Amino acid sequence: MMNKQYVLITGGAGFIGSHMAEWYVNNNYQVVIIDNLFRGKLENIQHLIDQGNAVFEKLDLTEYDDIKQIAELIVKYKPFQILHYAAINGTQYFYDTPEKVVEVNSLGTLYLMKAIVAAKKTVSNYKPLVLFASTSENYCEPFNVPTKEEDLTYFRLEQDRDSYAVAKMVSEFYVKLYCQKIDLDWIVLRIFNVYGPKMVGTKYGQVIPEFFNRIENGEYPLKIFGNGRHTRSFIHINDHVEMTTRLVFSDKLVTNTVYNLGNDYEISIKELGERIMKKFNKVPKFEFLEEREGDHLRRSPDISKLLSIIGEYEFISLEDGLDTLIKK
Ligand SMILES: NC(=O)c1ccc[n+]([C@@H]2O[C@H](COP(=O)([O-])OP(=O)(O)OC[C@H]3O[C@@H](n4cnc5c(N)ncnc54)[C@H](O)[C@@H]3O)[C@@H](O)[C@H]2O)c1
(Lines give C-alpha, C1' and ligand atoms only; values in the text may rest on other atoms or scores of the structure.)
Protein backbone atom coordinates (compact mmCIF):
# COMPACT_ATOMS: atom_id res chain seq x y z
CA MET A 1 0.00 0.00 0.00
CA MET A 2 1.20 3.48 -0.85
CA ASN A 3 2.56 5.42 2.09
CA LYS A 4 0.05 8.25 2.32
CA GLN A 5 0.31 11.44 4.31
CA TYR A 6 -2.09 12.01 7.19
CA VAL A 7 -4.08 15.02 8.23
CA LEU A 8 -5.79 15.31 11.63
CA ILE A 9 -9.30 16.79 11.71
CA THR A 10 -10.95 17.54 15.04
CA GLY A 11 -14.73 17.74 14.73
CA GLY A 12 -14.34 15.69 11.55
CA ALA A 13 -17.70 13.92 11.95
CA GLY A 14 -19.47 17.28 11.84
CA PHE A 15 -20.70 19.31 8.90
CA ILE A 16 -17.59 21.20 7.72
CA GLY A 17 -15.10 18.69 9.12
CA SER A 18 -16.62 15.74 7.26
CA HIS A 19 -16.64 17.66 3.97
CA MET A 20 -12.98 18.55 4.56
CA ALA A 21 -12.22 14.89 5.30
CA GLU A 22 -13.86 13.92 2.02
CA TRP A 23 -11.68 16.38 0.09
CA TYR A 24 -8.47 15.07 1.64
CA VAL A 25 -9.38 11.46 0.90
CA ASN A 26 -10.35 12.36 -2.68
CA ASN A 27 -6.94 13.94 -3.02
CA ASN A 28 -5.06 10.87 -1.81
CA TYR A 29 -4.48 11.74 1.82
CA GLN A 30 -5.49 9.75 4.86
CA VAL A 31 -7.48 11.39 7.65
CA VAL A 32 -7.47 10.90 11.39
CA ILE A 33 -10.76 12.13 12.82
CA ILE A 34 -11.41 13.03 16.44
CA ASP A 35 -14.99 13.77 17.47
CA ASN A 36 -17.13 13.18 20.56
CA LEU A 37 -20.27 12.98 18.35
CA PHE A 38 -21.95 15.81 20.25
CA ARG A 39 -23.44 17.09 17.00
CA GLY A 40 -21.39 15.16 14.48
CA LYS A 41 -22.57 11.86 13.03
CA LEU A 42 -20.62 8.73 12.25
CA GLU A 43 -22.69 8.29 9.08
CA ASN A 44 -21.01 11.44 7.69
CA ILE A 45 -17.66 9.63 7.57
CA GLN A 46 -18.53 5.91 7.69
CA HIS A 47 -17.79 5.45 3.97
CA LEU A 48 -14.30 6.95 4.43
CA ILE A 49 -13.64 4.59 7.34
CA ASP A 50 -14.95 1.60 5.37
CA GLN A 51 -12.67 2.45 2.42
CA GLY A 52 -9.73 2.42 4.84
CA ASN A 53 -8.98 6.10 4.25
CA ALA A 54 -10.07 7.45 7.63
CA VAL A 55 -9.31 6.52 11.20
CA PHE A 56 -11.97 7.58 13.70
CA GLU A 57 -11.43 8.03 17.44
CA LYS A 58 -14.32 9.03 19.68
CA LEU A 59 -12.53 11.40 21.99
CA ASP A 60 -13.62 14.47 23.88
CA LEU A 61 -11.28 17.44 23.61
CA THR A 62 -12.44 18.75 26.98
CA GLU A 63 -11.52 15.56 28.85
CA TYR A 64 -8.11 16.00 30.42
CA ASP A 65 -7.55 12.24 30.26
CA ASP A 66 -8.02 12.27 26.47
CA ILE A 67 -5.05 14.62 25.90
CA LYS A 68 -2.63 11.72 26.24
CA GLN A 69 -4.50 9.68 23.62
CA ILE A 70 -4.63 12.63 21.24
CA ALA A 71 -0.89 13.18 21.67
CA GLU A 72 -0.33 9.46 20.95
CA LEU A 73 -2.40 9.69 17.78
CA ILE A 74 -0.30 12.66 16.64
CA VAL A 75 2.92 10.76 17.39
CA LYS A 76 1.64 7.69 15.55
CA TYR A 77 0.34 9.36 12.39
CA LYS A 78 2.43 12.58 12.33
CA PRO A 79 -0.26 14.56 10.50
CA PHE A 80 1.28 17.28 8.34
CA GLN A 81 -1.77 19.46 8.94
CA ILE A 82 -3.93 19.70 12.07
CA LEU A 83 -7.34 21.18 11.30
CA HIS A 84 -9.24 22.15 14.43
CA TYR A 85 -12.99 22.26 13.73
CA ALA A 86 -14.34 20.66 16.92
CA ALA A 87 -16.61 23.03 18.84
CA ILE A 88 -20.18 23.53 19.91
CA ASN A 89 -21.78 25.37 17.00
CA GLY A 90 -25.45 26.28 16.46
CA THR A 91 -26.75 29.66 17.61
CA GLN A 92 -29.49 28.30 19.88
CA TYR A 93 -26.84 26.60 22.05
CA PHE A 94 -25.23 30.01 22.66
CA TYR A 95 -28.48 31.10 24.32
CA ASP A 96 -29.50 27.84 26.02
CA THR A 97 -26.15 26.56 27.39
CA PRO A 98 -23.69 29.48 27.19
CA GLU A 99 -21.48 28.17 30.02
CA LYS A 100 -20.99 24.88 28.14
CA VAL A 101 -20.24 26.76 24.91
CA VAL A 102 -17.53 28.85 26.60
CA GLU A 103 -16.06 25.79 28.29
CA VAL A 104 -16.00 23.41 25.33
CA ASN A 105 -14.92 25.95 22.74
CA SER A 106 -12.02 27.35 24.76
CA LEU A 107 -10.90 24.34 26.82
CA GLY A 108 -11.08 22.08 23.77
CA THR A 109 -8.56 24.28 21.98
CA LEU A 110 -6.29 24.56 25.03
CA TYR A 111 -6.21 20.77 25.48
CA LEU A 112 -5.60 20.16 21.79
CA MET A 113 -2.66 22.57 21.89
CA LYS A 114 -1.30 20.78 24.97
CA ALA A 115 -1.53 17.47 23.09
CA ILE A 116 0.36 18.98 20.15
CA VAL A 117 3.07 20.29 22.50
CA ALA A 118 3.42 16.87 24.14
CA ALA A 119 3.59 15.09 20.77
CA LYS A 120 6.15 17.50 19.37
CA LYS A 121 8.50 16.70 22.24
CA THR A 122 8.75 13.09 21.07
CA VAL A 123 8.83 13.53 17.30
CA SER A 124 11.94 15.27 16.04
CA ASN A 125 11.58 17.94 13.34
CA TYR A 126 7.80 17.69 13.48
CA LYS A 127 6.24 20.86 12.05
CA PRO A 128 2.55 20.49 11.17
CA LEU A 129 0.51 23.46 10.03
CA VAL A 130 -2.22 24.21 12.60
CA LEU A 131 -5.48 25.59 11.22
CA PHE A 132 -8.11 26.91 13.59
CA ALA A 133 -11.77 27.32 12.53
CA SER A 134 -12.75 30.62 14.12
CA THR A 135 -15.80 32.69 13.33
CA SER A 136 -17.24 35.92 11.95
CA GLU A 137 -19.18 36.19 15.25
CA ASN A 138 -15.93 37.60 16.69
CA TYR A 139 -16.63 40.87 14.84
CA CYS A 140 -19.85 41.11 16.87
CA GLU A 141 -21.81 44.05 15.36
CA PRO A 142 -19.08 44.98 12.88
CA PHE A 143 -17.67 48.48 12.77
CA ASN A 144 -17.30 48.19 9.01
CA VAL A 145 -19.10 46.07 6.42
CA PRO A 146 -17.55 44.41 4.46
CA THR A 147 -15.38 43.55 7.46
CA LYS A 148 -11.60 43.19 7.28
CA GLU A 149 -9.42 40.97 9.46
CA GLU A 150 -7.99 43.99 11.26
CA ASP A 151 -11.44 45.28 12.23
CA LEU A 152 -12.14 45.06 15.93
CA THR A 153 -13.25 41.78 17.52
CA TYR A 154 -15.04 42.12 20.85
CA PHE A 155 -17.64 40.55 23.11
CA ARG A 156 -20.41 41.86 25.35
CA LEU A 157 -20.43 40.33 28.81
CA GLU A 158 -24.15 41.03 29.16
CA GLN A 159 -25.02 38.99 26.04
CA ASP A 160 -25.06 35.20 26.49
CA ARG A 161 -24.89 34.90 22.70
CA ASP A 162 -21.28 36.06 22.89
CA SER A 163 -20.32 32.91 24.84
CA TYR A 164 -19.41 31.49 21.42
CA ALA A 165 -17.38 34.49 20.26
CA VAL A 166 -15.45 34.93 23.50
CA ALA A 167 -14.37 31.27 23.46
CA LYS A 168 -13.35 31.52 19.81
CA MET A 169 -11.32 34.68 20.55
CA VAL A 170 -9.55 32.99 23.47
CA SER A 171 -8.92 29.99 21.21
CA GLU A 172 -7.35 32.20 18.54
CA PHE A 173 -4.97 33.37 21.24
CA TYR A 174 -4.20 29.84 22.48
CA VAL A 175 -3.41 28.70 18.93
CA LYS A 176 -1.15 31.68 18.33
CA LEU A 177 0.68 31.51 21.68
CA TYR A 178 1.24 27.75 21.81
CA CYS A 179 2.34 27.57 18.16
CA GLN A 180 4.69 30.49 18.75
CA LYS A 181 6.12 28.72 21.78
CA ILE A 182 6.92 25.49 19.93
CA ASP A 183 7.70 27.13 16.59
CA LEU A 184 4.77 25.85 14.52
CA ASP A 185 3.02 27.69 11.72
CA TRP A 186 -0.66 28.43 12.23
CA ILE A 187 -3.55 30.13 10.51
CA VAL A 188 -6.88 31.27 11.88
CA LEU A 189 -9.89 31.26 9.55
CA ARG A 190 -12.73 33.57 10.55
CA ILE A 191 -15.47 31.65 8.83
CA PHE A 192 -18.67 33.37 7.62
CA ASN A 193 -21.91 31.35 7.45
CA VAL A 194 -21.47 28.08 5.58
CA TYR A 195 -24.37 25.98 4.27
CA GLY A 196 -24.82 22.77 2.34
CA PRO A 197 -25.69 19.09 2.54
CA LYS A 198 -25.21 17.28 5.89
CA MET A 199 -25.88 20.42 7.89
CA VAL A 200 -28.11 20.05 10.95
CA GLY A 201 -31.61 21.45 10.38
CA THR A 202 -33.06 21.35 13.88
CA LYS A 203 -33.47 24.43 16.07
CA TYR A 204 -29.87 23.76 17.16
CA GLY A 205 -28.75 23.92 13.54
CA GLN A 206 -28.20 26.83 11.15
CA VAL A 207 -30.70 29.09 9.45
CA ILE A 208 -30.71 27.66 5.89
CA PRO A 209 -31.27 23.96 6.72
CA GLU A 210 -33.63 25.03 9.51
CA PHE A 211 -35.80 26.99 7.04
CA PHE A 212 -35.78 24.00 4.68
CA ASN A 213 -36.76 21.68 7.49
CA ARG A 214 -39.57 23.84 8.78
CA ILE A 215 -41.05 24.48 5.34
CA GLU A 216 -40.85 20.77 4.50
CA ASN A 217 -42.70 20.06 7.75
CA GLY A 218 -45.51 22.40 6.70
CA GLU A 219 -44.65 25.60 8.60
CA TYR A 220 -46.49 28.43 6.89
CA PRO A 221 -46.08 31.37 7.23
CA LEU A 222 -42.35 30.97 7.88
CA LYS A 223 -41.26 32.18 11.32
CA ILE A 224 -38.33 34.62 11.46
CA PHE A 225 -36.62 36.10 14.52
CA GLY A 226 -36.80 39.91 14.37
CA ASN A 227 -37.95 41.91 11.33
CA GLY A 228 -35.97 39.89 8.80
CA ARG A 229 -33.77 42.82 7.82
CA HIS A 230 -30.65 41.30 9.41
CA THR A 231 -28.13 40.31 6.79
CA ARG A 232 -25.71 37.44 6.46
CA SER A 233 -23.36 36.22 3.73
CA PHE A 234 -23.63 32.53 2.95
CA ILE A 235 -20.97 30.37 1.37
CA HIS A 236 -21.70 26.94 -0.05
CA ILE A 237 -19.70 24.16 1.60
CA ASN A 238 -18.07 23.18 -1.72
CA ASP A 239 -16.70 26.73 -2.07
CA HIS A 240 -15.63 26.72 1.57
CA VAL A 241 -13.64 23.50 1.13
CA GLU A 242 -12.18 24.61 -2.21
CA MET A 243 -11.05 28.00 -0.88
CA THR A 244 -9.63 26.53 2.33
CA THR A 245 -7.61 23.87 0.56
CA ARG A 246 -6.40 26.28 -2.12
CA LEU A 247 -5.21 28.50 0.70
CA VAL A 248 -3.39 25.89 2.79
CA PHE A 249 -1.71 24.33 -0.24
CA SER A 250 -0.76 27.61 -1.88
CA ASP A 251 2.94 28.35 -2.42
CA LYS A 252 2.05 31.92 -1.52
CA LEU A 253 0.45 31.04 1.83
CA VAL A 254 1.38 33.53 4.53
CA THR A 255 1.14 31.79 7.92
CA ASN A 256 0.76 33.06 11.49
CA THR A 257 -2.13 35.30 10.60
CA VAL A 258 -5.93 35.50 10.27
CA TYR A 259 -8.01 35.11 7.09
CA ASN A 260 -11.68 35.87 6.56
CA LEU A 261 -13.26 33.02 4.66
CA GLY A 262 -16.68 33.45 3.12
CA ASN A 263 -18.74 34.66 0.21
CA ASP A 264 -19.16 38.44 0.23
CA TYR A 265 -22.67 38.33 -1.27
CA GLU A 266 -24.86 39.84 1.48
CA ILE A 267 -28.56 39.02 1.76
CA SER A 268 -31.29 39.77 4.32
CA ILE A 269 -32.83 36.86 6.21
CA LYS A 270 -36.25 37.84 4.82
CA GLU A 271 -35.00 37.67 1.24
CA LEU A 272 -33.33 34.37 2.02
CA GLY A 273 -36.67 33.08 3.34
CA GLU A 274 -38.43 34.33 0.19
CA ARG A 275 -35.98 32.53 -2.06
CA ILE A 276 -36.31 29.26 -0.15
CA MET A 277 -40.12 29.45 -0.05
CA LYS A 278 -40.17 29.98 -3.81
CA LYS A 279 -38.09 26.81 -4.22
CA PHE A 280 -41.04 25.02 -2.56
CA ASN A 281 -43.55 26.87 -4.79
CA LYS A 282 -44.91 28.79 -1.80
CA VAL A 283 -45.99 32.42 -1.89
CA PRO A 284 -43.57 34.05 0.60
CA LYS A 285 -45.33 34.88 3.86
CA PHE A 286 -43.73 35.46 7.25
CA GLU A 287 -44.49 35.60 10.93
CA PHE A 288 -42.01 37.84 12.70
CA LEU A 289 -41.00 36.70 16.20
CA GLU A 290 -39.32 38.68 18.93
CA GLU A 291 -35.71 39.38 17.99
CA ARG A 292 -33.01 37.21 19.55
CA GLU A 293 -31.17 39.18 22.18
CA GLY A 294 -27.82 40.53 21.05
CA ASP A 295 -28.25 39.45 17.43
CA HIS A 296 -26.09 41.23 14.86
CA LEU A 297 -27.58 43.38 12.13
CA ARG A 298 -25.10 42.83 9.34
CA ARG A 299 -22.36 40.43 8.35
CA SER A 300 -20.27 40.28 5.20
CA PRO A 301 -16.55 39.61 4.80
CA ASP A 302 -13.86 41.53 3.01
CA ILE A 303 -11.99 38.61 1.45
CA SER A 304 -9.26 40.53 -0.36
CA LYS A 305 -6.56 39.04 1.91
CA LEU A 306 -7.64 35.50 1.05
CA LEU A 307 -7.94 36.31 -2.66
CA SER A 308 -4.43 37.79 -2.64
CA ILE A 309 -3.23 34.24 -1.92
CA ILE A 310 -5.61 32.05 -3.91
CA GLY A 311 -6.42 34.39 -6.81
CA GLU A 312 -9.83 35.30 -8.25
CA TYR A 313 -12.62 32.94 -7.28
CA GLU A 314 -15.99 32.21 -8.84
CA PHE A 315 -18.57 31.29 -6.20
CA ILE A 316 -21.53 28.94 -6.50
CA SER A 317 -24.55 31.28 -6.62
CA LEU A 318 -27.01 31.15 -3.71
CA GLU A 319 -29.71 30.02 -6.15
CA ASP A 320 -27.67 27.03 -7.31
CA GLY A 321 -26.36 26.34 -3.81
CA LEU A 322 -29.87 26.16 -2.35
CA ASP A 323 -30.80 23.62 -5.01
CA THR A 324 -28.20 21.22 -3.57
CA LEU A 325 -30.34 21.02 -0.42
CA ILE A 326 -33.57 20.07 -2.15
CA LYS A 327 -34.36 16.41 -1.56
CA LYS A 328 -34.72 14.61 -4.89
N1 LIG B 1 -20.96 26.25 9.96
C2 LIG B 1 -20.66 27.53 9.95
O3 LIG B 1 -21.32 28.33 9.29
C4 LIG B 1 -19.49 28.04 10.75
C5 LIG B 1 -19.23 29.41 10.76
C6 LIG B 1 -18.15 29.88 11.51
C7 LIG B 1 -17.34 28.99 12.20
N8 LIG B 1 -17.62 27.66 12.17
C9 LIG B 1 -16.76 26.75 12.94
O10 LIG B 1 -16.39 25.65 12.14
C11 LIG B 1 -16.32 24.47 12.94
C12 LIG B 1 -17.24 23.41 12.35
O13 LIG B 1 -18.57 23.89 12.36
P14 LIG B 1 -19.78 22.99 11.84
O15 LIG B 1 -20.83 23.89 11.34
O16 LIG B 1 -19.27 21.93 10.98
O17 LIG B 1 -20.32 22.40 13.23
P18 LIG B 1 -20.59 20.89 13.65
O19 LIG B 1 -21.30 20.94 14.94
O20 LIG B 1 -21.24 20.16 12.53
O21 LIG B 1 -19.10 20.33 13.83
C22 LIG B 1 -18.40 20.44 15.04
C23 LIG B 1 -17.98 19.06 15.48
O24 LIG B 1 -17.27 19.14 16.72
C25 LIG B 1 -17.68 18.03 17.51
N26 LIG B 1 -17.41 18.35 18.92
C27 LIG B 1 -18.08 19.22 19.72
N28 LIG B 1 -17.54 19.23 20.95
C29 LIG B 1 -16.50 18.37 20.92
C30 LIG B 1 -15.56 17.94 21.90
N31 LIG B 1 -15.59 18.41 23.15
N32 LIG B 1 -14.64 17.02 21.57
C33 LIG B 1 -14.60 16.51 20.30
N34 LIG B 1 -15.47 16.89 19.33
C35 LIG B 1 -16.40 17.80 19.64
C36 LIG B 1 -19.15 17.85 17.21
O37 LIG B 1 -19.63 16.58 17.54
C38 LIG B 1 -19.19 18.13 15.72
O39 LIG B 1 -19.04 16.97 14.96
C40 LIG B 1 -16.72 24.88 14.36
O41 LIG B 1 -15.55 25.13 15.10
C42 LIG B 1 -17.49 26.16 14.13
O43 LIG B 1 -17.43 27.00 15.26
C44 LIG B 1 -18.67 27.16 11.46
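Just so you know, ligand 1 is whichever comes first in the structure, and atom 1 is the first atom listed for that ligand. All figures in this text were calculated on a predicted structure; none of them were measured in a lab.
- Counting protein heavy atoms only, atom 14 (P) of ligand 1 is closest to Asn89 ND2, 3.8 Å.
- Within the listing of ligand 1, atoms 3 (O) sit less than 4.0 angstrom from a heavy atom of Asn193.
- Aromatic rings of Tyr93 and Tyr95 (six-membered ring for Trp) have centroids beyond the 6.0 Å cut-off, not under it.
- Side-chain N/O atoms of His236 and Thr324 include a donor and acceptor closer than 3.5 Å.
- Nearest protein neighbour of atom 27 (C) of ligand 1, counting heavy atoms only, is Ala87 O, 3.3 Å.
- The part of Leu37 lying near ligand 1 is the backbone, judged by heavy-atom distances below 4.0 Å.
- Ring pair Trp186/Phe173: centre-to-centre distance not below 6.0 Å.
- No side-chain donor from either of Thr109 and Asn105 sits under 3.5 Å from a side-chain acceptor of the other.
- Listed for the Thr97 side chain is no donor-acceptor partner under 3.5 Å among the backbone atoms of Lys100.
- One N or O on the side chain of Tyr126 and one on the backbone of Pro79 form a donor-acceptor pair closer than 3.5 Å.
- Residue contacts with ligand 1: Gly108 is excluded, as none of its non-hydrogen atoms falls under 4.0 Å.
- Near Thr135, with a cut-off below 4.0 Å to any heavy atom, the atoms of ligand 1 are 6 (C), 7 (C).
- Using a cutoff of 4.0 Å between basic side-chain nitrogens and carboxylate oxygens, Arg299 and Glu137 are scored as salt-bridged.
- Distances between N or O atoms of Phe38 and those of ligand 1 include at least one value under 3.5 Å.
- Atoms of ligand 1 lying under 4.0 Å from any heavy atom of Gly40, numbered from 1 in the order shown and given with element: 36 (C), 37 (O), 38 (C), 39 (O).
- A cation-pi contact, defined as under 6.0 Å to the ring centre and within 45° of the axis, links Lys305 to Tyr259.
- Checked for salt-bridge contact, Glu319 and Arg275 meet the test: a charged N lies under 4.0 Å from a carboxylate O.
- The distance from ligand 1 to the heavy atoms of Ala86 drops below 4.0 Å at these ligand atoms: 24 (O), 34 (N), 35 (C).
- The closest protein non-hydrogen atom to atom 20 (O) of ligand 1 is Phe15 N, 2.8 Å.
- Every atom of ligand 1 with a heavy atom of Val104 under 4.0 Å away is listed here by number and element: 28 (N), 31 (N).
- A parallel orientation is assigned to the rings of Phe94 and Tyr164, their planes being inclined by less than 30° (bins at 30° and 60°).
- Taking atom 23 (C) of ligand 1 as the reference point, the nearest protein heavy-atom neighbour is Gly11 CA, 3.6 Å.
- The nearest heavy-atom contact from the protein to atom 40 (C) of ligand 1 is Tyr85 O, 3.1 Å.
- The pair Lys68-Glu72 counts as a salt bridge, with a side-chain nitrogen and a carboxylate oxygen less than 4.0 angstrom apart.
- Below 3.5 Å of separation, one finds an N or O of Val194 facing an N or O of ligand 1.
- The proximity of Leu59 to ligand 1, defined as any non-hydrogen pair under 4.0 Å, is limited to the backbone.
- With respect to atom 37 (O) of ligand 1, the closest heavy atom belonging to the protein is Asp35 OD1, 2.6 Å.
- Nearest heavy-atom pair, Leu42 versus Ile49, reported as atom, atom and distance to 0.1 Å: CD1-CD1, 4.3 Å.
- Protein heavy atom closest to atom 21 (O) of ligand 1, with residue, atom name and distance, is Gly14 CA, 3.7 Å.
- Residue Ile16 has at least one nitrogen or oxygen atom sitting less than 3.5 Å from a nitrogen or oxygen atom of ligand 1, judged on distance alone.
- Close approach to Ala13 involves these atoms of ligand 1, each under 4.0 Å from a residue heavy atom: 39 (O).
- For Lys168, the closest heavy-atom approach to ligand 1 falls below 4.0 Å.
- Ring pair Phe15/Tyr85: centre-to-centre distance not below 6.0 Å.
- No hydrogens or angles considered: nothing links the side chains of Tyr313 and Glu242 as a donor-acceptor pair under 3.5 Å.
- Residue contact annotation: Tyr164 has a non-hydrogen atom under 4.0 Å from ligand 1.
- Per-residue contacts place Ser134 under 4.0 angstrom from the following atoms of ligand 1 (heavy atoms of the residue considered): 6 (C), 7 (C).
- The nearest heavy-atom contact from the protein to atom 31 (N) of ligand 1 is Asp60 OD1, 2.8 Å.
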